[in-house]
Trainee: 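Before I ask anything, let me first share the structure, which is written out below as structure tokens.
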There are 2 protein chains.
Amino acid sequence: MTVSKETIVKASIRILDREGVEGLSMRTIAKELGIKASSLYWHFNGKQELYGAISEDLCLRLKMPAESDSPRDYLSEIYNAYRAMLLSVRDSVPVLENSMPNTPRRLEIIRAISAAFLIMGVPAEKLMTISNLFNNYVLSFVADECRFKNRTAEEIREFEKLLSPHDKTLLRVPDDFDGQFLYGLQVMFAGLEAVGSA
Amino acid sequence: MTVSKETIVKASIRILDREGVEGLSMRTIAKELGIKASSLYWHFNGKQELYGAISEDLCLRLKMPAESDSPRDYLSEIYNAYRAMLLSVRDSVPVLENSMPNTPRRLEIIRAISAAFLIMGVPAEKLMTISNLFNNYVLSFVADECRFKNRTAEEIREFEKLLSPHDKTLLRVPDDFDGQFLYGLQVMFAGLEAVGSA
DNA sequence: ACCTGAACACCGTTCAAGT
DNA sequence: ACCTGAACACCGTTCAAGT
């Protein structure tokens, strides 16, 4: 049996889940497939292109919500599905961040989001800024969420040593990530409405 | 003459400005200083710690604004100074992103920002989420800004080939980054006020 | 069409040894 | 106190050669 773009991407995602992005190298991917690293270059032009294919595969798992009367509800559902997808594969965030959204599914998602923001009244010249704002929010939130969840007890102690008692009440990390995520979205949507109607 | 943490950090920033983060390795830093890579480990425990020191140095350049009656104005000034600082050194964003904010200046900035958000009425349990939201906004905005500014003509053509005419009007990249940056801040502040007073 | 072998030019890090 | 030499265990990528 011979490998394909498909099997390479699936093998990459298995490694990602098992060892994280640090463990994802052309050599480990090849080993997972029983071939040599140099063979991968027949299928992909480089690591960047492979990252693009992995990202596309991840985005295909993102269940797009049914159309809705309310663009805000529609967008909320997309971003919740987006976060769920990111949380479902270890270190998906750095992979997404290091690839270009130039594949069909990713363009489809961008189009759907853009259309919804336009309906919400976001002016065309602000569209890019707003969709980047929301997109970066989701990516950064999940990145932070994973960082916090994976802190070792050692790291926590190390960090808390630097904080005054007053700091600690200030910098408390909330544990209801779902609620915090929704709150951030709410703030941004409310801001959009407030500024749009000004 | 012998090197010090100080001179190592300065040399690193020179390399960053000249070659970007891709060109910043323990070996290139050592070469810049006329020593060997292994010597750097006497001064820093590893690359992560060096990144922390570079980030601290960058944050020391950030001119903190004078106290203000309006926490919103105060925060706006901080975030504008933050962006200006990030733009002043090539690839500062990935360095900041890959280091922990556990140094004096960075903690000072976090405290000042937290205090201002509290005065604005952000509830304590949302503080972390909100300050992360704003912090990630600035980092991501500047990262995107630099990506756009450094696109080669080749890359632009390559990407535009994939877009329909309709897409192009949608995904137009605005060129007034200052205005777009302010707009995003405005949206988030407005959202904070709207949600806070709800 | 698909894969290998061998090489190139790099990485971060460790550690005994030097001065 | 500060630095070197040499090694270890890796990277991404290229390309002539194999089947």
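Letters go in sequence order (proteins before strands), and every chain restarts at 1.
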Trainee: Can you sort out the partners of A:K5 under side chain to side chain contact (heavy atoms under 4.5 Å, CB included), two or more places apart, ordered by chain and number?
Mentor: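 If we apply the side chain to side chain contact (heavy atoms under 4.5 Å, CB included) test to A:K5, skipping adjacent residues, the hits are A:F44, A:E49.
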Trainee: Would you say a side-chain N or O of A:H43 is under 4.0 Å from OP1 or OP2 of C:dA1?
Mentor: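 For C:dA1, neither OP1 nor OP2 has a side-chain N or O of A:H43 closer than 4.0 Å.
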Trainee: Check salt bridge (charged side-chain N to carboxylate O under 4.0 Å, His left out) between A:R90 and all other residues, then give those that pass, not counting sequence neighbours.
Mentor: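 With sequence neighbours excluded, A:R90 shows a salt bridge (charged side-chain N to carboxylate O under 4.0 Å, His left out) to no residue whatsoever.
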Trainee: What pairs of residues pass the salt bridge (Lys or Arg N to Asp or Glu O under 4.0 Å) test when at least one of them lies in residues 64-81 of chain A, not counting sequence neighbours?
Mentor: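 For residues 64-81 of chain A, and leaving out neighbouring residues, the salt bridge (Lys or Arg N to Asp or Glu O under 4.0 Å) pairs sorted by first residue read A:R72-A:E193.
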Trainee: For DNA chain C, what dot-bracket results from Watson-Crick or G-U pairs at under 3.5 Å, with [ ] for crossers and | for inter-strand partners?
Mentor: ||.|||||...|||||.||
Trainee: Does anything in residues 15-29 of chain A pair up under salt bridge (Lys or Arg N to Asp or Glu O under 4.0 Å), and if so which pairs, sequence neighbours excluded?
Mentor: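 For residues 15-29 of chain A, and leaving out neighbouring residues, the salt bridge (Lys or Arg N to Asp or Glu O under 4.0 Å) pairs sorted by first residue read A:R18-A:E32.
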Trainee: By ring-ring contact (aromatic ring centres under 6.0 Å, His included), which residues pair with A:Y79, not counting sequence neighbours?
Mentor: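 A:Y79 satisfies ring-ring contact (aromatic ring centres under 6.0 Å, His included) with A:F134 only.
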Trainee: Sugar-phosphate means primed atoms, P, OP1 and OP2; the rest is base. With that split, encode nucleotides 6-15 of chain C 5' to 3' as B, S or - using protein heavy atoms under 4.0 Å.
Mentor: -B---BBBBB
Trainee: Write down the protein N/O and nucleotide N/O pairs, taken from nucleotides 16-19 of chain C, whose separation is under 3.5 Å; answer none if there are no such pairs.
Mentor:
none

Trainee: For B:L40 and D:dC3, give me the distance from atom CG to atom P, rounded to whole Å.
Mentor: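 Spelled out: CG on B:L40 to P on D:dC3 is 9 Å.
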Trainee: Could I get the full list of side chain to side chain contact (heavy atoms under 4.5 Å, CB included) partners for A:N132, not counting sequence neighbours?
Mentor: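 With sequence neighbours excluded, A:N132 shows a side chain to side chain contact (heavy atoms under 4.5 Å, CB included) to A:M128, A:N136, B:D144, B:F148, given in chain and number order.
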Trainee: Determine which pairs satisfy salt bridge (Lys or Arg N to Asp or Glu O under 4.0 Å) with at least one residue from residues 175-187 of chain B, sequence neighbours left out, and list them in order.
Mentor: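 Found B:R83-B:D178.
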Trainee: Is the NZ atom of A:K149 crowded by more than 12 outside heavy atoms at less than 6.0 Å?
Mentor: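 Atom NZ in A:K149 is packed in, count exceeds 12.
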Trainee: What interatomic distance, in whole Å, is found between C1' of D:dA16 and the corresponding atom of C:dC3?
Mentor: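 One C1' to the other, the span is 13 Å.
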Trainee: Would you mind listing every ring pair (Phe, Tyr, Trp, His ring centres under 6.0 Å) that reaches into residues 83-116 of chain A, with sequence neighbours excluded?
Mentor: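 Qualifying pairs: none.
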Trainee: Which value, in whole Å, describes the distance between the P atoms of nucleotides C:dC10 and D:dA9?
Mentor: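 C:dC10 and D:dA9 have their P atoms separated by 22 Å.
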Trainee: Give every donor-acceptor pair under 3.5 Å between a side-chain atom in residues 34-43 of chain B and any protein atom, sequence neighbours left out.
Mentor:
{"unit_1": "B:S39", "atom_1": "OG", "unit_2": "B:K36", "atom_2": "O", "d": "3.2"}

